[in-house]
Amino acid sequence: MYSIAQYTDFFISYLENQTIDKEPKNLYEPINYIMSLGGKRLRPVLTLLTAEIFDTDYKLALPAALAIEVFHNSSLVHDDIIDEDPIRRGKPTVHKKWNTNIAILAGDAMIILTYHYLQSYEPNLAKTLTKAVVKMGIKVCEGQTWDVDFETRQDVTVSEYLKMIEYKTGALIATSMKMGAIIAQTSPENCDLIYKFGINVGLAFQLQDDYLDLFGDTQTFGRRLCGDIISNKKTYLYFKALEILSETEKKQLMELYTVRLDDNVKKIETITELLLKSGAPDATQESIKKYTFKASKILGKINITEDKKAVLRAFAESLIGRRV
C-alpha cells in the first residue's frame, strides 16, 4: 500500500489527463475550471485506498475515483449558486466567472459524466457502482434540500441536523469507500460495513468542520474563521445551543442569525459568548468522539488484517482530528 500523499498524487496525475477539449467551450471550460481548483481530493483518495485495503490495485479504481470527484464538484457548483457564494477555494465560483445559466448546465453535465466514467467497467460491475451512486445522489439532494429549508425554519432539532449532514456529507464519503470495496469485489458484508464506517467518519468530519469554523486557527484552517456566523449558516453548535439556553438567550441567538452586518465583530463576539455559555462547543467535541468511537467499532468487524485496519483508523483520525 501507498501513503495518502501518494494516492493523492496518483489521482491528480490521472485527473490532469481527463481535461475535456470540445465544443461548446462554455460548457466544458467551466467543468475543467472547477475540477482544476484543487481541494483535499478526499473522496477519490478514499476510493483508491479502499480498493487496496481489499487487495485490489488502486489503478482499477481510478475511473470510479474520477466519477465520485466529478459528482462532488457538480454539487459544489450548484451549492455555490444556492448559497450565492462568490469564492470557491480562493477563486471565483463558476456562476460568478461565467453566469448562473452556464453554471447550472455545467453542473448538470458533470452529473451525467459521473455515470459515463462508470461505464468503463464491465457491465455487472458498472451496474453495481451506478446503483451505489444513484442512492448517494438522491441522499445528497435530500440533504441539500433540508439544508436550504433549515435556513428559514425555527424548529429544527439536533437530530434533524445530524440527518441532514449524514445525507449531504456522510453519504458521499461512505459511497467513496464502498465504491472501492465494490471494485475489489469483496463480500457484501464488507461493503456494508465500510459504508457504515464512512458514514460515521463523515459525521465526525462535518462536526469538526462546524467546530473549526469558530474555534480553529486562521492560519492552519485555510479560510476565514466565523464564516458560518457571518453568513448566518446554522451548524451543530447553533442547534445544540438552542437546546440548552434560556428562552431569552435563545431568542437573542435566533435574532442574531437573521441579520447581516457590515461590521460583524460584535455579532461574532456575542454569538461566541452565547455558544460558550451553552456548552455547545464541548457538546460538539463529545459528539465527534461518539461518531469516531462508532466508526472504530464498525472497523473492528470488517474482515481485513489488523495492519489494514490500522491504516483506515489512522486516516480517519487524521481527518477528524485535523486543524484545517
Side-chain angles (χ1 to χ4, degrees), residues 1-11 39-56 58 61 64-65 68-69 72 132 136 139-140 143 162-184 186-187 189-213 215-216 220-222 235-236 283-324:
M1 294 188 66
Y2 300 92
S3 68
I4 298 306
Q6 286 174 308
Y7 285 122
T8 304
D9 288 343
F10 295 151
F11 177 73
K40 298 180 182 71
R41 307 297 187 191
L42 164 64
R43 293 150 193 86
V45 166
L46 282 173
T47 302
L48 303 183
L49 172 65
T50 307
E52 295 227 321
I53 287 289
F54 292 112
D55 301 316
T56 295
Y58 79 87
I68 204 76
E69 183 71 348
H72 172 56
M136 174 202 71
K139 283 183 178 292
V140 171
L162 289 170
K163 186 175 183 180
M164 183 274 287
I165 63 173
E166 175 186 333
Y167 279 43
K168 186 177 175 182
T169 304
L172 256 169
I173 289 175
T175 303
S176 300
M177 302 192 79
K178 186 173 183 177
M179 289 172 75
I182 290 169
I183 290 163
T186 187
S187 68
E189 291 77 16
N190 275 344
C191 287
D192 289 341
L193 287 168
I194 202 71
Y195 182 86
K196 290 174 183 176
F197 173 78
I199 285 288
N200 284 282
V201 169
L203 283 164
F205 176 85
Q206 183 57 55
L207 292 176
Q208 180 73 340
D209 207 58
D210 290 356
Y211 180 86
L212 288 175
D213 186 78
F215 297 104
T220 58
F221 194 40
T235 66
Y236 185 83
T284 304
Q285 287 299 308
E286 284 303 311
S287 287
I288 291 168
K289 290 177 185 175
K290 180 181 87 170
Y291 289 113
T292 304
F293 178 75
K294 287 179 72 173
S296 181
K297 291 281 284 184
I298 293 165
L299 182 59
K301 299 176 184 178
I302 300 174
N303 186 21
I304 52 176
T305 59
E306 288 302 320
D307 60 321
K308 289 180 177 177
K309 288 179 183 180
V311 170
L312 284 175
R313 187 175 289 110
F315 188 36
E317 289 174 354
S318 73
L319 293 176
I320 296 162
R322 75 199 191 285
R323 307 307 301 172
V324 296

Smallest heavy-atom separation, Ile298 atom then Leu193 atom, equals CG2-O, 3.3 Å
Sequence neighbours excluded, the answer for ring pair (Phe, Tyr, Trp, His ring centres under 6.0 Å) partners of Tyr195 is none
To the nearest 0.5 Å, atom CG of Leu207 lies from atom OG1 of Thr235 at 9.0 Å
What one should report as the nearest heavy-atom pair of Ala51 and Ala184 is O-CB, 3.9 Å
Lys139 meets the salt bridge (Lys or Arg N to Asp or Glu O under 4.0 Å) criterion, sequence neighbours left out, with none
Notebook entry, point to check: Can you check whether Phe293's main-chain N or O pairs, donor with acceptor, with Ser296's side chain at less than 3.5 Å?
Noted result: no
Nearest heavy-atom approach of Ala316 to Phe197 is CB-CZ, 3.9 Å
Compile the donor-acceptor pairs under 3.5 Å between side chains in residues 169-177 and protein atoms, sequence neighbours left out, one pair per line.
unit_1, atom_1, unit_2, atom_2, d
Thr169, OG1, Gln206, OE1, 3.2
Thr175, OG1, Ala171, O, 2.7
Ser176, OG, Leu172, O, 2.7

Okay, side chain of Asp209, backbone of Phe205: is any donor-acceptor separation there less than 3.5 Å? no
Sequence neighbours excluded, the answer for ring pair (Phe, Tyr, Trp, His ring centres under 6.0 Å) partners of Tyr58 is Tyr2, Phe10
Glu189 meets the salt bridge (Lys or Arg N to Asp or Glu O under 4.0 Å) criterion, sequence neighbours left out, with none
Distance col, row Tyr291:OH vs Asn200:CG, nearest 0.5 angstrom, shows 7.5 Å
Output for pair (Leu299 CG, Thr292 OG1), nearest 0.5 Å, gives 12.0 Å
Separation between CD1 (Ile304) and CG (Asp55), nearest 0.5 Å, reads 9.0 Å
Output for pair (Leu46 CG, Phe11 CZ), nearest 0.5 Å, gives 11.5 Å
Minimal heavy-atom distance between Ile288 and Gln208, with the atoms involved, is CD1-OE1, 3.2 Å
Sorted by chain and number, sequence neighbours left out, salt bridge (Lys or Arg N to Asp or Glu O under 4.0 Å) with Lys294 holds for none
- Item | Heavy-atom neighbours of Lys309 NZ exceed 12 at 6.0 Å | yes
Short side-chain to backbone donor-acceptor contact, Asn190 and Ile302, under 3.5 Å:
no
Distance col, row Ile4:CD1 vs Leu42:CG, nearest 0.5 angstrom, shows 9.5 Å
Note: Ile68 and Met136 closest approach over all heavy atoms is CD1-SD, 3.6 Å
| Would you call Lys289 and Glu286 a salt bridge, taking side-chain N to carboxylate O under 4.0 Å as the test? | yes
Measure from the side-chain N and O atoms of Gln6 to the backbone N and O of Ser3, and report whether any donor-acceptor pair falls under 3.5 Å. yes
Quick check: are there more than 12 heavy atoms from other residues, nucleotides or ligands sitting under 6.0 Å from NZ of Lys168? yes
Any side-chain heavy atom of Thr50 sitting closer than 4.5 Å to one from Ile183? no
(Q) I'd like to know whether Thr186 forms a side chain to side chain contact (heavy atoms under 4.5 Å, CB included) with Cys191, so could you lay out the CA-CA distance, the side-chain angles of the two residues, the decisive distance to 0.1 Å, and finally the verdict. (A) CA-CA 7 Å; Thr186 187; Cys191 287; 3.8 Å; yes
Heavy-atom nearest pair, Tyr7 first then Leu48, reads O-CD1, 3.7 Å
- Steps toward side chain to side chain contact (heavy atoms under 4.5 Å, CB included) verdict (Glu317, Arg313): CA-CA 6 Å; Glu317 289 174 354; Arg313 187 175 289 110; 3.5 Å; yes
Paired with Glu69, the salt bridge (charged side-chain N to carboxylate O under 4.0 Å, His left out) test is passed by just one of Arg43, Lys40, Arg41, namely Arg41
